[in-house]
Amino acid sequence: MNAIVDLLRALRERYELAVRSDDIHLGSVNGGKQFYCINDCQLGAWFDLTRVEILKIFSEICDEAGISNELHFPRHRRSWRDW
């Protein structure tokens, strides 16, 4: 679990840094919902890979505890560049 906590902290710290440095743009729409746009493809890939690693570790912990789970990272939608 310590590894998961460390990875979550790294995600949060990198997210905050990216927002401050404009690598991530925050916006909002009517109704108070917020969205973000990651302006750096490598940064986006790092976020995704880190989240995949967290789910992988958590799934292994569940397996060791005898808890069945179906944890997986969602598949990516096609980006506009794929059109």
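We count residues from 1, following the sequence as given.
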Decide whether Met1 and Leu55 are clustered together by the hydrophobic rule: side chain heavy atoms of Ile, Leu, Val, Met, Phe, Trp, Tyr closer than 4.5 Å, transitively.
-> yes
Just wondering, are more than 12 heavy atoms of other shown residues or ligands nearer than 6.0 Å to CD in Gln34?
-> yes
CG-OG1 distance between Leu8 and Thr50, expressed to the nearest 0.5 angstrom | 10.0 Å
How long is the span from the CG atom in Asp48 to the CD atom in Glu53, to the nearest 0.5 Å?
-> 13.5 Å
Side-chain contact, heavy-atom cut-off 4.5 Å: Leu43 with Ile24?
-> yes
Same cluster (ILVMFWY, side-chain, under 4.5 Å), Ile38 and Val19 = yes
For the atom pair CZ (Arg9) and CD (Glu13), what is the distance rounded to the nearest 0.5 Å?
-> 8.5 Å
Supply the members, apart from Leu17, of the Ile/Leu/Val/Met/Phe/Trp/Tyr cluster built from side-chain contacts under 4.5 Å; use none for a lone residue.
-> none
From Phe47 CZ over to Arg14 CZ, what is the distance, rounded to the nearest 0.5 angstrom?
-> 6.0 Å
In terms of heavy-atom contacts, does CZ of Phe58 have more than 12 from other residues, nucleotides or ligands at under 6.0 Å?
-> no
Please round to the nearest 0.5 Å and tell me the distance separating atom OH of Tyr36 and atom CG of Asp23.
-> 14.0 Å
Interatomic spacing from CG in Asp40 to CG in Asp22 - rounded to 0.5 Å = 12.5 Å
Linking I/L/V/M/F/W/Y whenever their side-chain heavy atoms sit closer than 4.5 Å, directly or via other members, would Leu49 and Ile4 fall into one cluster?
-> no
Verdict with reasoning, Ile54 to Leu11, per side-chain contact (heavy atoms from CB on, under 4.5 Å) = CA-CA 10 Å; Ile54 290 168; Leu11 277 172; 3.6 Å; yes
